[in-house]
Structure formats: C-alpha cells, structure tokens
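The structure under discussion is supplied below as structure tokens; questions concerning it will follow.
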2 protein chains.
Amino acid sequence: MDQNLIDFTTQVVDECLPGKSIDCVIIGFEKQQLKVLLLKWKYEDIWCLPGGFIRKDEDMDQAAQRILEMRTGLKSVYLNQFYTFGSKKRSRLNEEVQLTRMRHVLEEIHGKNEKFVTWITQRFITTGYFALVDIRKTAPHPDMLSDRCEWKSLSNIPGLMMDHKEIILKVMEHLRVQLNYLPIGISLLPQKFTMQDLQKLYEAILKKPLERSNFQRKMLKLGFFIRHEKQLTGAANKAPYLYSFDEMKYNELIEKGIGFRY
Amino acid sequence: MDQNLIDFTTQVVDECLPGKSIDCVIIGFEKQQLKVLLLKWKYEDIWCLPGGFIRKDEDMDQAAQRILEMRTGLKSVYLNQFYTFGSKKRSRLNEEVQLTRMRHVLEEIHGKNEKFVTWITQRFITTGYFALVDIRKTAPHPDMLSDRCEWKSLSNIPGLMMDHKEIILKVMEHLRVQLNYLPIGISLLPQKFTMQDLQKLYEAILKKPLERSNFQRKMLKLGFFIRHEKQLTGAANKAPYLYSFDEMKYNELIEKGIGFRY
DNA sequence: TTCTATTGTGCTATAATGACACAATAATAT
DNA sequence: ATATTATTGTGTCATTATAGCACAATAGAA
C-alpha cells in the first residue's frame, strides 16, 4: 500500500462532495471506429469510465474539465454534460467487487483510512459528461487505482463496473441526436481529413450506411469546409481531396443552428 | 412554529441524500401561453420551482415522480430528466434570503433542529426534471415552506430563488429540440383540441410564428390525429374541427422516431 | 497503354417546404 | 332572406431537399 494512495483517499474524503461523482465518456475516432477511453482496475479484469469527484470549491463543470485533463492531457476540448444517473443501486457495495481481490484492497485501505472506505462505498449519484477528442493528441495514462488506460472500440467494450455500460449507451443515443445540430467532426477528426473519413464517422455514430455522393454534396453545401491538396493514398485510384473546417464560417452557422437530418 | 415542520425537517435530514436535490419544471399550456408551476415562499416575495430531496431508498427518477405527484396530484405523466446544475454557488447561504425574514424562519427552526439548518444550507447539486401536464387536470397546492403555488406565464416569471430562472431557460431550450422528435402536444393539451390550439403551442415553444395552412397539413400528414365533430365557437366564421391523438398510431410512429423540423 | 477502384460531379424522380389563393361556413348585420 | 365577415380546410405552384443511379476523371498497378 502506497503512501500516495493513502494521502489521496484522505484528501478525497475531506475535500470532495459526498455521494456525488462525475464520469467522463471520452470519445475518439480512429480506423473508422468510435472508441472510448477506459481504465482497468488493478488486480481485476473490470474496466470503468474515467471519473472523479467534485471538490467543495469547484463547479461541477470545472470538475469534469479537471478529470478530463488529468486523464487525457487535453484542455479546452468539446466537453458537455449529458445525463445524471441516480439508481439507488449505484454503490460499490452492490458490485461483484465484493467477491474479488479488489475487496482486499479496500480492506487494506480500510485498515489505514476507515473513513475513506465508508465514503467510497456509499450510494453515489453520478453525472455523465462526454468529451470529443482527437485520439492522436491524447496521451492517456492510468490513475492510482488502475493499471491500464486504453482506447476501446465501441463494438468491443470489455466488462464494465456498475452501470457504466448503460452510461455509454446513453451517450451514444445523445450523440445521434446532437449530430443533427453540431458537426462534431471538428472535434473527432484530425485537422485535415477526407470526406470518406467524415462519412465513416457519421456512419459509426448513426449505425447505418449513408450514400456516398449525396453525403459529400450535403456536407460541402454547408459551406464551412476548405478544400486542400489531394491526399495521395498509394492506391490505384483517384485520390481524394483533404478538407478542413473553416472555423469562422463554421461558428457563424452554428450560431444559427445547423439543422440537417439523416 | 408548527410541529409538522419540525418532524419534516428531522425526517429529511435522516432519510435523504445530502447535497443532492431535484427541481421539477412543471409545464402547462393555457390561453395560448406556456405556464410553469411555481411556489412562493412564506413571508417573502421569492418564488421557486417545486423541488425536493432523494430518499436513500429510492431511485432519483422515483423521487422526481414523488415530488411531481405531491405537487400536482398527477401520476404517470410525461416526466423527464434534462440537466444537472452544479455551480459551486448553489447554496442557500448565497441567497439574499440571509437578509430577509426567511432567515428568521431558519433561525427559528435552528433553535429546534440545528442539524436541519446545517443540512439545508450546504451546497446543493440539483437535477432538473421537466413534466408536461394538462393544466386542467392539476390541483396545485403549496407545501410547508410556501404559502402559494400557482401557474405563472413564462413571459412573466416572478423573482426566483438561486438559479431557478436559469433552470427554466435551460428546459425551454431542451423542449425546442425535443419538439422535433416528440409531439408533445399529447401531454399539454386537453383530450380534444383544434389545430389552432396545437399551432399556438408550437409557436409558444419555438417562439416564432408558423404558417397556418402548412402547419395543419404537416400535422395531419403525420397520421395519428383523429378528426371529431366541429367546435362551434360562437364566432361569426367557419368552425374548426376538434382533433385528438390516435394513441395506437401515435405510439407506432414514436417508435420509429417522428422526425420533423421547423 | 490498359485496367481497376475510387472520387467528384451530373442527372432525374420524388418528397418536403413555403407562400399564397380561394371556396366553405358559422354567426352577425342589414 | 340576404349580404357581410372572419376563419377554416384545401388547392396550387415554385423552390428546395433527398435518394438513387450514372459517368467521367484519375492514381497507381498490370
């Protein structure tokens, strides 16, 4: 048992709001797949969303920012609250954790900081935030209770703690609606991208194929894409153009509300 | 000081989650205007949303239902969570209340139940729920801390506690988006209504006028309205038909996602 | 040079939208 | 009775959006 951990637990109990947590669904897009950043618990094959607690002296939104930055190293990305989960069963005491080695870890902490174990095993209400990030700009790293922090494909999510699976499903539903109002590609794609990249992103979120030529036209008609040089892929076919977002025009149009639908 | 109040405060502190509340924006529609149900504090000219706390043994959604029922007498109406408000300033200690008679009330309670005053004046994070109800079916009544409970027109909201004004603004934004996915008229209008009633409701939510004849066509094409007898208004002009929702067809189409836009 | 796979644009049929026209009609005024 | 008035239900039409398919352009391989 590491002294840092003891210090951390003491600090959490003293400085954070009880029974109230934040979980971040940090979403990225790579190789035509949506991914979510997950942590694996030490000693156990249980994964969870990166989360944390709200300090008594900070706004909930600030807490979400802090947790996101701690986890990805990113500041000022697209981060939004989407839902609060308040089932009465949301307590670590209801977890299979009780039967596993993680229980021993808690007991070991208990010996040194009984208050923390009581605190952490109470019923929690958690507010979900989602962040859209460019995977290539992140440097994820595990925290004190985890030994791995990895991007996991949405189509292949490992076993998750408590209701974290439900939280991820909820955010995807939310994203599908948001897609009609926000061109979220700007956050998930690298600065320059092809129309195919953008289309695959839309298809991944909507979980349905879109007609290629019409998709391209519809996007370009929005008027905030800048066309750059072609991207020579090495393949034996016509090379696609690269595009980027014209942030000026983009912001103008967001103000008005985008308003398209698939 | 009434014994009920003392019992109530004791019960709240013992049986509810600390620092976590629910506020309900209960929305109705009458005389072509959107209304919201508000409570007026005893002794003070300060209004607030009907709210409450989450018992340790109930889901947050259940708590919202309970609070709604307590306030309006209505069960099983359209009730949904929409956002959680977590500013660090969300405490009754930051209220002008300190300078007013309400402070004396708290102090009076303090004399009898010090724990409650500490509890109630801590920082709260509140989750907003909104309910859509048929005003004609409600029988609002004030609670122990209020002396009035009234429907207030959205265009004429009185001075509100803390961030309750912000909460109402947020829910209206949310409603505007939801309007594209849910025909919320079914909850806000009486069983039979005219197309004009429905149009005025849409206009109130969207805060913009809609073209009458196109609105009517668009709605009827959705296919879940039943036409009834005409409504003789007494006016010197053609009488409009009354319509109601065909719940069967309505539910079928909701499943698929409505999908229209204004 | 030919071939292949993919891209950017063209074309057309169909549906949705917005703006306005107009006949039908319930009650009132004459 | 008849004309008048305001409002409703439906018609029309131009414009725009959508979906489906066609096809030429083209980067590299054969």
Side-chain angles (χ1 to χ4, degrees), chain A residues 31-32 176 179-181 183 185 189 192-203 205-244 246 253 256-262, chain B residues 31-32 176 179-181 183 185 189 192-203 205-244 246 253 256-262:
Chain A
K31 292 185 194 140
Q32 309 201 341
R176 263 187 288 283
L179 199 59
N180 290 320
Y181 302 90
L189 292 173
K192 290 183 181 178
F193 52 88
T194 66
M195 273 299 146
Q196 183 175 225
D197 295 333
L198 190 62
Q199 185 181 339
K200 293 301 174 189
L201 171 58
Y202 272 68
E203 291 179 336
I205 293 173
L206 297 170
K207 290 200 282 195
K208 70 176 184 188
L210 301 171
E211 209 285 325
R212 181 189 59 84
S213 64
N214 292 329
F215 178 84
Q216 171 143 318
R217 227 191 319 266
K218 194 164 178 175
M219 285 297 153
L220 291 180
K221 195 154 53 172
L222 290 174
F224 49 67
F225 291 96
I226 301 171
R227 178 178 282 183
H228 299 276
E229 73 283 9
K230 288 184 178 179
Q231 185 186 47
L232 301 182
T233 57
N237 50 39
K238 187 170 179 178
Y241 287 104
L242 288 171
Y243 295 89
S244 65
D246 182 336
L253 289 167
K256 294 187 209 162
I258 291 277
F260 47 84
R261 171 183 301 277
Y262 282 98
Chain B
K31 291 184 194 140
Q32 309 201 342
R176 262 187 287 284
L179 199 57
N180 290 320
Y181 302 91
L189 293 174
K192 291 184 182 180
F193 51 89
T194 67
M195 274 299 147
Q196 184 174 224
D197 294 334
L198 190 61
Q199 184 182 342
K200 294 300 175 188
L201 171 57
Y202 272 68
E203 290 179 337
I205 294 173
L206 296 170
K207 289 199 283 195
K208 70 176 183 188
L210 301 171
E211 208 285 325
R212 182 188 59 83
S213 63
N214 293 329
F215 178 84
Q216 171 145 317
R217 227 192 317 268
K218 193 164 178 175
M219 284 297 153
L220 290 179
K221 195 154 53 173
L222 289 175
F224 47 69
F225 291 96
I226 301 171
R227 178 178 282 183
H228 300 276
E229 74 282 9
K230 289 186 177 179
Q231 186 185 48
L232 301 183
T233 57
N237 49 39
K238 186 171 178 177
Y241 287 105
L242 287 171
Y243 295 88
S244 67
D246 181 335
L253 289 167
K256 295 186 207 164
I258 292 277
F260 49 83
R261 172 182 299 278
Y262 282 98

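Note on naming: letters A, B, ... go to the chains in the order of the sequence lines (proteins, then strands), and numbering restarts at 1 for each one.
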*asked:* Can you work out whether B:Ser213 or A:Ala235 has the more 5'-proximal nearest nucleotide on DNA chain D?
replied: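 The answer here is B:Ser213.
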*side-chain N/O A:Arg227 vs C:dT9 OP1/OP2, d < 4.0 Å*: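 Affirmative; the distance criterion is met.
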*asked:* Nearest whole Å is fine: how far is D:dG9 C1' from B:Asn237 CG?
replied: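 The distance from CG of B:Asn237 to C1' of D:dG9 comes to 13 Å, rounded to the nearest Å.
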*Can you tell me how far C1' of D:dT18 sits from CG of A:Leu210, to the nearest Å?*
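Rounded to whole Å, this separation is 13 Å.
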_Interatomic distance, A:Lys238 NZ vs C:dT9 P [rounded to whole Å]_ = 7 Å
*Taking atom P of C:dT7 as reference, at what distance in whole Å does atom CG of A:Leu232 sit?*
13 Å
*side-chain N/O B:Lys218 vs C:dA16 OP1/OP2, d < 4.0 Å*: no
*Work out which heavy atom in B:Gln199 is nearest to a heavy atom in B:Leu210; give both atom names and the distance.*
NE2-O, 2.9 Å
_Value in whole Å for how far the P atom of C:dG8 lies from CD of A:Gln199_ =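 These atoms are roughly 11 Å apart.
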*A:Pro240 side chain, from C-beta outward: closest of C:dT7, C:dT9, D:dG9*: C:dT7
*Given side chains that start at C-beta, do those of B:Glu203 and B:Phe215 come closer than 4.5 Å, heavy atoms only?*
no
*Would you check if B:Met219 and B:Tyr243 make a side-chain contact, meaning some heavy-atom pair closer than 4.5 Å?*
no
*asked:* Rounding to an integer number of Å, can you tell me how far A:Gln231 CD sits from C:dG8 P?
replied: 11 Å
*asked:* Measuring to OP1 and OP2 of D:dA27, would you say a side-chain N or O of A:Lys230 lies under 4.0 angstrom away?
replied: yes
_Whether the side chain of B:Arg217 and the base of C:dG18 hold a donor-acceptor pair under 3.5 Å is what I'd like checked._
no
*N/O donor-acceptor pair, side chain A:Arg212 with base D:dG20, under 3.5 angstrom*: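 It does not, because no donor-acceptor pair links the side chain of A:Arg212 to the base of D:dG20 below 3.5 Å.
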_How many whole angstroms separate atom CD of B:Glu211 from atom P of D:dT16?_
18 Å
*Could you please name the option among D:dT10, D:dG9, C:dG8 that lies closest to any side-chain atom of B:Tyr241?*
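Out of D:dT10, D:dG9, C:dG8, the nucleotide with an atom closest to B:Tyr241's side chain is D:dG9.
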*Separation of atom NZ in B:Lys221 from atom P in D:dT10, rounded to whole Å*: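 One finds 14 Å between P of D:dT10 and NZ of B:Lys221, rounded.
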*Check: B:Leu220 and B:Gln216 side chains under 4.5 Å, non-hydrogen atoms*: yes
*Any sub-3.5 Å donor-acceptor pair from A:Gln231's side-chain atoms to A:Thr233's backbone N or O?*
no
_Side-chain N,O (A:Gln196) to OP1/OP2 (C:dT7) below 4.0 Å_ = yes
